[in-house]
Amino acid sequence: MVLILKYAIFSTFEKGVQAIFNILLTFPLADVQGELAALGAAGLWAIASVVYGRLGASIPPLQLNLCKGVVAIALLLFTIAITGQFFPHISLQSLSLLILSGMVGIGLGDTAFFATINTLGARQALLMETLAPPITAILALAFLNETLNSRAWCGILLTIIGVGFVVTERTSQTVISRKSFYKGILFGLLAAIAAAIAAVLSRAAFAQSDINPLWAALIRLVGGVLILIIWGVFSPSQERWQLQRLQSTPILTGILFAAFCGTYLGIWLQQIALKLTAAGIASTLLQTSPVLIIPIAIYLGEKVTWRAIAGVCVAIIGVGFLFYLR
């Protein structure tokens with residue numbers, strides 16, 4: 001009886017994963033698959049960020065990042081096995097770009113992002129991530145000699161103003177020291193810079209190969225977990241690894257849920273978006289998480305002021321100016 005039950009559960013999960021896979025890759029609105037994938041990823045990241053914010057009170061950022069990466073890798077491997085997708089033919093250069101993208105964006109960037117959540121909160125941390133597209137444009141200007149017109153610079157300015165408008169807000173719920181505030185801003189900037197570099201590397205890999213987004217997500221996660229393991233082994237701090245905390249059922253459940261939504265499905269959808277639509281459009285839609293998290297924050301009883309809403313809207317408009325009006 002137990003074996004029959006296990007088989008039924010496995011069969012149901014297998015059919016569910018296959019259905020999700022088919023929907024993502026054969027959605028009838030072919031012209032907007034990338035856009036829908038980007039919005040889906042942004043929504044999942046908003047949900048996962050709230051969960052990570054709760055987990056951050058018990059687990060250090062490095063360990064939390066490693067745990068969610070390992071869970072997501074296991075889920076992706078299981079999905080690949082079910083769908084029967086063998087390792088793709090990919091050049092060494094594209095493979096290296098994806099691994100490096102994972103090391104920078106997932107390994108370093110996500111760890112800094114979790115640290116930002118711990119200090120500033122989930123809403124502010126997500127908003128800081130909207131700085132990634134402007135930073136991408138500035139990096140391209142500095143290293144690739146790409147030119148920016150006046151409307152692009154206007155977009156960069158609007159994004160910075162919107163972010164600054166929100167993160168400098170002080171409410172009755174704000175209990176944070178000046179030192180912690182600046183520490184959170186620094187972590188947020190590091191996370192945004194890492195995300196910008198990772199996006200460029202990932203897009204470059206797609207331009208040189210026809211790799212499936214599912215495999216691209218897995219390769220990036222492997223790169224991220226690899227750098228986290230190296231970081232943890234050589235870290236002088238013994239407080240980074242608190243394995244006893246993982247024995248708590250609520251914490252373990254939270255990690256599994258957030259990793260499934262934010263990392264497994266989120267990164268999969270992100271790679272689909274980067275593959276199927278222009279990098280600028282994908283980057284803009286992927287940065288709508290600060291907007292999508294506002295209803296969640298209100299539902300959880302968090303005070304959301306009109307200043308916060310206005311700042312988020314200004315930042316998103318700035319990102320739109322940067323890419324849509326070039």
Side-chain angles (χ1 to χ4, degrees), residues 45 48-49 52 55-56 58-78 80 87-88 90-119 125 128-129 132 135 139 143 183-184 186-205 211 214-247 251-252 254-256 258-260 262-264 266-268 270-271:
W45 288 337
S49 295
Y52 286 134
L55 294 172
S58 304
I59 302 178
L62 180 61
Q63 182 176 344
L64 181 58
N65 196 9
L66 179 60
C67 290
K68 63 94 171 170
V70 171
V71 171
I73 286 176
L75 290 170
L76 285 172
L77 285 173
F78 185 70
I80 289 172
F87 190 80
I90 181 175
S91 66
L92 180 60
Q93 183 176 6
S94 296
L95 180 63
S96 300
L97 286 172
L98 286 173
I99 292 175
L100 185 59
S101 173
M103 287 182 171
V104 175
I106 298 174
L108 304 180
D110 283 2
T111 301
F113 176 70
F114 290 152
T116 308
I117 292 179
N118 289 349
T119 52
M128 291 288 291
E129 286 288 288
I135 292 173
L139 290 176
F143 297 102
K183 184 179 178 181
L186 176 60
F187 280 131
L189 287 174
L190 290 175
I193 292 172
I197 295 173
V200 172
L201 292 171
S202 184
R203 186 63 181 174
I211 186 172
L214 194 61
W215 270 105
L218 177 60
I219 293 172
R220 292 188 70 239
L221 276 166
V222 169
V225 168
L226 178 62
I227 194 66
L228 287 171
I229 292 174
I230 296 173
W231 186 355
V233 169
F234 290 97
S235 173
S237 175
Q238 300 299 321
E239 297 181 356
R240 294 187 184 277
W241 309 108
Q242 299 177 8
L243 300 180
Q244 69 277 9
R245 299 288 178 87
L246 300 180
Q247 298 175 5
I251 290 179
L252 186 58
I255 292 175
L256 292 174
F260 178 79
T263 310
Y264 170 62
I267 292 182
W268 186 3
Q270 177 199 46
Q271 298 307 301

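It should be emphasised that the depicted structure is a prediction, and the values quoted were computed from it without experimental measurement. Position 1 is the first residue of the sequence; numbering continues from there.
From Y264, atom OH reaches atom CG of L221 across 11.5 Å, with rounding to the nearest 0.5 Å. In this structure, CD1 in I255 is found 8.5 Å from OH in Y52, a value given to the nearest 0.5 Å. The structure places CD1 of I80 at 11.0 Å from CG of L75, a figure rounded to the nearest 0.5 Å. For the atom pair CG (L95) and CH2 (W215), the distance works out to 10.5 Å, reported to the nearest 0.5 Å. I73 CD1 to I219 CD1: the interatomic distance, rounded to the nearest 0.5 Å, is 11.0 Å.
Put simply, the side chain of L98 reaches to within 4.5 Å of the side chain of S202, judged on heavy atoms. Taking the side chain as every heavy atom from C-beta outward, V222 and I99 never approach each other to under 4.5 Å. At a threshold of 4.5 Å between non-hydrogen side-chain atoms, the residues V71 and F260 do not count as touching. Between E129 and W45, every side-chain heavy-atom pair lies at or beyond the 4.5 Å cut-off.
In plain terms, the two heavy atoms of P61 and N118 that are nearest each other are CG-ND2, 3.7 Å. Between N65 and I106, the closest heavy-atom pair is ND2-O, 2.8 Å. For the pair R220 and A198, the tightest heavy-atom approach, listed with the atom from each and the gap, is NH2-CB, 3.7 Å. When every heavy atom of M103 is checked against every heavy atom of L226, the shortest pair comes out as CE-CD2, 3.6 Å. Contact between A132 and A196 at its shortest, heavy atoms only, is O-CB, 3.4 Å. When all heavy atoms of G109 and A194 are compared, the closest pair comes out as CA-CB, 3.5 Å.
Each of I117, I251, L252 was evaluated against L55; a single residue qualifies, I251, per the side chain to side chain contact (heavy atoms under 4.5 Å, CB included) test.
With hydrogens and angles ignored, the 3.5 Å screen pairs a side-chain donor or acceptor of T116 with a backbone N or O of A112.
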W231 vs L108, test: side chain to side chain contact (heavy atoms under 4.5 Å, CB included). Steps then yes/no. CA-CA 10 Å; W231 186 355; L108 304 180; 3.9 Å; yes

For side chain to side chain contact (heavy atoms under 4.5 Å, CB included), just list the numbers for D110 and L228, CA-CA rounded to whole Å, side-chain angles, deciding distance to a tenth of an Å, and then say yes or no. CA-CA 10 Å; D110 283 2; L228 287 171; over 6 Å; no

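In this view, S91 and S94 satisfy the side-chain hydrogen bond (donor to acceptor under 3.5 Å, both in side chains) rule, not counting sequence neighbours.
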